[in-house]
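Indexing begins at 1, ligand by ligand and atom by atom, following the structure's order. Since this is a predicted model, take the numbers as computed values, not measurements.
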Amino acid sequence: MSPDQKHLSLPFFDEAHRTLAKDLAAWLGTQEIDEHDDRAACRAWVKALGDAGFLRWCVPQAQGGALPALDSRALVVIRETLAFHSPLADFAFAMQGLGSGAITLEGDATQRDAYLPAVGRGEKIAAFALSEPDAGSDAGALATTAVRDGNGWRLNGTKTWISNGGIADYYCVFAKTDPAAGTRGMSCFIVDANTPGLDDSAHIEVMAPHPLATVVLRDCKVAAGALLGAENAGFKLAMQTLDIFRASVAGAALGFARCALSEAVSHTRRRKMFGHTLADFQITQAKLGDMAADIDAGALLTYRAAWLRDDAIARGASTRVTREAAMAKMVATENAQRVIDAALQMHGGLGVKVGSRVESLYRDIRSLRIYEGATEVQQLIIGKSVLAEAAPKSTGGNG
Ligand code: COS
């Protein structure tokens with residue numbers, strides 16, 4: 001089954017995006033990757049996506065990428081198409097981007113050349129290590145430390161919920177370098193997975209299986225060249241990286257939701273009930289109408305966020321699209337959950353049967369409302385931005 005790509009005729013997209021989506025959908029139709037073992041499947045998807053050239057969209061042209069800068073609309077289009085076909089393929093692609101994004105943004109020439117070409121060819125698996133047992137939504141509260149040690153640094157702490165944990169070749173680790181300075185005292189380090197003291201063996205099992213682990217750093221020594229970007233500027237780097245990829249999470253949610261709607265349409269047209277098909281009932285038509293509108297609402301916010309960033313790059317303007325990316329992620333993931341739930345309900349008992357497409361989509365969508373900033377974090381980001389933009393609060397009485 002291939003996704004309907006009519007939405008790509010919207011003015012947010014160029015011909016290059018339409019061709020990319022068409023080529024990717026056609027290529028996916030030729031892929032047969034056994035997904036029973038999620039870690040083996042992700043390695044296989046990274047290799048396949050790398051060999052086919054699709055990971056080039058995760059890295060800049062100077063390091064073998066497709067374009068001079070990351071193109072947000074391409075990331076959205078790719079994730080939407082992959083997610084429609086296979087959530088694990090989407091995951092494999094997304095994590096190559098998120099795990100290398102900080103290097104693309106702030107890496108020096110040596111760091112970029114050492115990691116990005118290999119990420120873009122699918123030869124190195126990337127990971128982004130921000131979250132900790134006591135620092136999830138409050139990313140500034142992390143407790144991992146990095147202290148100077150000779151010419152390099154020594155890292156200690158525990159990272160958790162780390163996607164690609166256990167299969168990654170390296171981790172972009174965020175750690176406190178000035179613990180008293182809050183968000184202004186965090187730095188980012190590139191830590192190779194084989195660094196002595198790094199233990200990424202604690203796999204975490206989740207309802208939609210994918211490579212995920214707790215990563216423990218015990219006196220992990222890295223060279224001075226592992227520091228990514230400026231010392232104590234790690235929080236902003238983490239936020240800037242998330243700003244790029246949050247819109248792409250929304251893209252993945254759209255892929256899942258479009259798949260669920262397509263399953264719902266096929267099922268309700270087939271399913272006989274009370275002498276009609278399920279699709280003949282107005283109650284079904286109304287629900288399908290809600291689902292389609294929910295998808296379009298999420299899609300328009302997602303494409304806007306991606307277009308705004310790409311347009312800002314083209315004009316050399318500020319690329320900060322924090323508010324729009326937060327809106328896209330919040331609305332697209334929440335709406336996708338509703339669409340998938342409605343599709344499952346229309347399938348009746350078949351919807352909860354293990355192995356049915358809507359059953360797996362129901363599990364696949366859930367974590368998207370949590371990772372890369374839970375819905376509540378997105379609400380907070382948007383709300384703060386609304387208040388910051390509004391006129392100063394009046395201090396007067398009734399006039
Ligand atoms: N781009 C650039 N700078 C940013 C930024 C962004 N998107 N967001 C925040 N900053 C800057 C702020 O401007 C501020 O700078 P100054 O110190 O110069 O004033 C600094 O970072 C701190 O910002 P803020 O006060 O808003 O930070 P908070 O501690 O209140 O945290 C939230 C803000 C909750 C939004 C942040 O912690 C967050 O996004 N949490 C979710 C983390 C997440 O997504 N985790 C999942 C990990 S990946 S699975």
Side-chain angles (χ1 to χ4, degrees), residues 72 79 90-91 94-102 104-106 126-144 157-165 168 171-188 204 206 208 210-215 229-250 252-253 305 308-309 312-313 317-330 333 366-389:
S72 293
R79 288 199 64 184
D90 166 59
F91 172 88
M95 293 309 141
Q96 288 299 93
L98 183 67
S100 65
T104 297
L105 288 175
E106 283 296 333
F128 181 80
L130 178 65
S131 301
E132 297 189 358
D134 293 319
S137 292
D138 185 5
L142 57 82
T144 295
T158 300
K159 294 289 172 183
T160 195
W161 309 115
I162 306 309
S163 291
N164 276 345
Y171 297 87
C172 284
V173 175
F174 293 85
K176 284 271 166 77
T177 33
D178 182 357
T183 55
R184 292 183 177 193
M186 272 166 64
S187 305
C188 183
I204 305 171
V206 282
H210 60 272
L212 191 69
T214 296
V215 179
E231 186 176 340
N232 294 327
F235 185 79
K236 283 186 190 173
L237 178 55
M239 294 301 120
Q240 283 162 347
T241 308
L242 289 168
D243 276 353
I244 302 176
F245 290 96
R246 279 179 180 152
S248 81
V249 179
L308 278 173
R309 186 167 188 282
I313 290 172
S318 160
T319 54
R320 186 144 178 196
V321 292
T322 309
R323 172 174 167 164
E324 291 80 6
M327 284 188 185
K329 182 183 185 279
M330 176 177 83
T333 58
R366 193 61 188 83
S367 63
L368 273 64
R369 292 168 55 208
I370 299 172
Y371 75 58
E372 291 186 42
T375 292
E376 293 72 13
V377 165
Q378 311 309 330
Q379 288 173 321
L380 192 73
I381 291 172
I382 301 162
K384 271 187 175 178
S385 143
V386 169
L387 286 170
E389 210 176 76

> Just wondering, do L237 and M186 contact through their side chains at under 4.5 Å, heavy atoms?
Replying inline: no
>> On a heavy-atom basis, which atom in E132 and which in T160 lie closest, and how many Å separate them?
In response: C-CG2, 3.6 Å
>> Could you tell me if the side chain of F235 sits less than 4.5 Å from the side chain of F174, heavy atoms only?
In response: no
> Between V173 and V215, is a side chain to side chain contact (heavy atoms under 4.5 Å, CB included) present by the stated rule, with each step listed?
Replying inline: CA-CA 10 Å; V173 175; V215 179; over 6 Å; no
>> Is there a polar contact between ligand 1 and G373, counting only N or O atoms under 3.5 Å apart?
In response: yes
> Relative to the heavy atoms of R246, which atoms of ligand 1 are at a distance of less than 4.0 Å?
Replying inline: 39 (O), 41 (C), 43 (C), 44 (O)
>> Under 4.0 Å from a heavy atom of D243: which atoms of ligand 1 are those, numbered in the order shown and with their elements?
In response: 1 (N), 6 (C), 7 (N)
>> So, regarding D138 and ligand 1 (criterion: nitrogen or oxygen to nitrogen or oxygen, under 3.5 Å), is there a contact or not?
In response: no
> Are the side chains of F245 and E372 in touch, meaning some heavy atoms are under 4.5 Å apart?
Replying inline: yes
> Taking N or O atoms only and a 3.5 Å limit, does R184 qualify as a polar contact for ligand 1?
Replying inline: yes
> In terms of side-chain heavy atoms, does T322 have a donor or acceptor partner in R320 at a distance below 3.5 Å?
Replying inline: yes
>> Please report whether ligand 1 has a polar contact with T183, defined as an N or O pair separated by less than 3.5 Å (distance criterion only).
In response: no
> How about N164 and F128: do any of their side-chain heavy atoms sit closer than 4.5 Å?
Replying inline: no
> Which heavy-atom pair separates A127 from I162 by the least distance, and what is that distance?
Replying inline: CB-CG2, 4.3 Å
>> Between ligand 1 and T322, is the shortest N or O to N or O distance under 3.5 Å?
In response: yes
> Which heavy atom of the protein is the closest neighbour of atom 10 (N) of ligand 1, given with residue, atom name and distance?
Replying inline: R320 NH2, 4.0 Å
>> I need the nearest protein heavy-atom contact for atom 40 (N) of ligand 1: residue, atom name and distance, please.
In response: S137 O, 2.7 Å
> In the protein, which heavy atom is nearest to atom 35 (C) of ligand 1, and how far is it?
Replying inline: I381 CG1, 3.5 Å
> Got the closest protein heavy atom to atom 14 (C) of ligand 1, with its distance?
Replying inline: K236 CE, 4.3 Å
> What protein heavy atom sits nearest atom 47 (C) of ligand 1, and how far off is it?
Replying inline: S131 OG, 3.7 Å
> In ligand 1, which numbered atoms sit nearer than 4.0 Å to a non-hydrogen atom of A139?
Replying inline: 37 (O), 42 (C)
> For ligand 1, which atoms, with element, lie under 4.0 Å from some heavy atom of L242?
Replying inline: 43 (C), 44 (O)
> If you take all heavy atoms of A305 and A247, which pair is closest and at what distance?
Replying inline: CB-CB, 4.3 Å
>> Could you check whether atom CG of D178 has more than 12 heavy atoms from other residues, nucleotides or ligands sitting under 6.0 Å from it?
In response: yes
> Do you know which two heavy atoms are closest between I381 and A326, and how far apart they sit?
Replying inline: CG2-CB, 4.0 Å
> Can you tell me the protein heavy atom closest to atom 24 (P) of ligand 1 and the distance?
Replying inline: K384 NZ, 4.1 Å
> So which heavy atom in the protein is nearest atom 31 (O) of ligand 1, and how far is it from that ligand atom?
Replying inline: F235 CZ, 3.8 Å
> Judged by non-hydrogen atoms, does G136 sit under 4.0 Å from ligand 1?
Replying inline: yes
> How far is atom 49 (S) of ligand 1 from its nearest protein heavy atom, and which residue and atom name does that atom have?
Replying inline: E372 N, 3.3 Å
